[in-house]
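To start, the structure itself, in structure tokens.
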Amino acid sequence: MRGLCMIAVASLILLINAGVLMALFGVGSLIRFDGEVFLLGKALSLATITDLQWQVFALVLLVALGPLVLLNWHVRVDFLAETFSSRTRRITEILGHILFGLPFAVLFLPPAWSFFKRSWRIDEGGVSGGVQDIYVIKFVLFAGFALLALSLALRLLADVVALLKGQ
């Protein structure tokens with residue numbers, strides 16, 4: 001997972017730099033293809049590079065959220081939590097997952113799925129020469145929330161078991 005995120009962040013840096021240089025030098029299109037290329041369409045253009053930037057950023061964020069929760073590396077208010085006993089910390093984690101984490105992740109699953117299905121059904125493509133096959137990133141949105149919901153449920157289960165064991 002770490003390797004995927006590293007590759008995605010490095011790609012994001014390259015895409016941002018390419019976009020800045022293309023805009024600076026007034027280059028609208030780098031490469032034109034004879035036919036349609038998956039995601040890129042008929043050309044690798046400034047619009048494509050710009051679209052890819054936010055899509056790779058979304059990929060990094062959505063793919064990283066679930067594992068961060070699962071590994072218990074997610075953000076919390078540590079300056080308060082460090083003053084709590086381990087039992088109180090565990091109860092706070094459980095309540096946070098039940099009241100905030102799981103409802104947030106689960107609430108977004110149905111609309112994210114509908115968002116993807118509609119895009120797939122109409123074979124949504126970008127505008128102005130941007131990224132084609134928009135359904136791919138829309139599926140990543142759904143998968144990211146599903147992974148987050150699963151991770152939160154597993155983390156919640158682990159915290160409840162640890163609390164019951166007195167850890």
Side-chain angles (χ1 to χ4, degrees), residues 1-13 15-16 19 38-41 47-128 130-167:
M1 185 60 63
R2 186 183 319 177
L4 176 63
C5 284
M6 287 172 46
I7 290 168
V9 169
S11 299
L12 182 58
I13 291 167
L15 287 166
I16 290 169
F38 179 67
L39 289 180
L40 304 179
T48 309
I49 299 253
T50 304
D51 284 356
L52 284 171
Q53 289 172 14
W54 68 262
Q55 291 184 1
V56 171
F57 179 74
L59 177 71
V60 169
L61 181 66
L62 290 170
V63 170
L65 279 178
L68 286 173
V69 167
L70 198 57
L71 295 168
N72 207 20
W73 294 351
H74 58 287
V75 176
R76 54 179 63 82
V77 186
D78 286 336
F79 77 93
L80 292 176
E82 70 184 12
T83 64
F84 298 164
S85 69
S86 62
R87 177 177 165 74
T88 303
R89 247 191 327 265
R90 184 84 60 197
I91 291 170
T92 304
E93 289 285 322
I94 290 169
L95 289 174
H97 292 325
I98 291 172
L99 296 174
F100 302 109
L102 273 171
F104 173 78
V106 170
L107 180 69
F108 280 97
L109 282 173
W113 180 251
S114 295
F115 198 45
F116 160 71
K117 276 191 344 186
R118 180 184 176 281
S119 182
W120 173 269
R121 188 175 57 249
I122 66 171
D123 194 24
E124 184 177 10
V127 295
S128 302
V131 168
Q132 301 303 303
D133 308 307
I134 300 292
Y135 60 84
V136 173
I137 194 64
K138 290 184 178 183
F139 180 77
V140 170
L141 178 70
F142 169 75
F145 279 113
L147 182 61
L148 178 60
L150 178 63
S151 298
L152 283 163
L154 291 172
R155 183 82 249 154
L156 176 63
L157 181 63
D159 285 339
V160 168
V161 167
L163 182 67
L164 294 175
K165 287 184 175 180
Q167 297 175 349

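- From L65, atom CG reaches atom CZ of F145 across 8.0 Å, with rounding to the nearest 0.5 Å.
- Between R87 atom CZ and T92 atom OG1 the span is 11.0 Å, to the nearest 0.5 Å.
- With ring centers used as reference points, F142 lies 6.0 Å or more from F116.
- Here the closest non-hydrogen pair linking P67 and S151 is N-OG, 4.2 Å.
- L70 CG to L150 CG: the interatomic distance, rounded to the nearest 0.5 Å, is 7.5 Å.
- Applying the ring pair (Phe, Tyr, Trp, His ring centres under 6.0 Å) test to pairs two or more places apart or on separate chains, none has a residue in residues 148-167.
- In this structure, the side chains of I91 and L95 come closer than 4.5 Å at one or more pairs of heavy atoms.
- Across all their heavy atoms, L102 and L156 have their closest contact at CD1-CD2, 3.8 Å.
- Between the CD atom of E93 and the CD1 atom of I98 there is a distance of 11.5 Å, given to the nearest 0.5 Å.
- With sequence neighbours left out, the ring-ring contact (aromatic ring centres under 6.0 Å, His included) criterion links F84 to no other residue.
- Minimum heavy-atom separation, L40 to Q132: C-CG, 4.2 Å.
- Ring geometry for Y135 against W120 counts as perpendicular: the plane angle is over 60°, on a 0 to 90° scale with 30° as the lower cut.
- A distance of 13.0 Å separates CZ in F100 from CG in L152, rounded to the nearest 0.5 Å.
- Between I134 and G125 the shortest heavy-atom distance is CG1-C, 3.8 Å.
- Identified under the side-chain hydrogen bond (donor to acceptor under 3.5 Å, both in side chains) test for residues 103-119, with sequence neighbours left out: S119-E124.
- Under the salt bridge (Lys or Arg N to Asp or Glu O under 4.0 Å) criterion, D133 pairs with no residue at all, not counting sequence neighbours.
- When every heavy atom of R155 is checked against every heavy atom of L71, the shortest pair comes out as NH1-C, 4.4 Å.
- The side-chain hydrogen bond (donor to acceptor under 3.5 Å, both in side chains) analysis of residues 48-67, with sequence neighbours excluded, yields the pairs S45-T48.
- Summarising the geometry, atom CG belonging to L12 is positioned 10.0 Å from atom CG belonging to L59; distances are rounded to the nearest 0.5 Å.
- Residue pairs satisfying the salt bridge (Lys or Arg N to Asp or Glu O under 4.0 Å) criterion with at least one member in residues 96-112, sequence neighbours excluded, are absent.
- L109 approaches A149 most closely through the heavy-atom pair CD1-CB, 4.3 Å.
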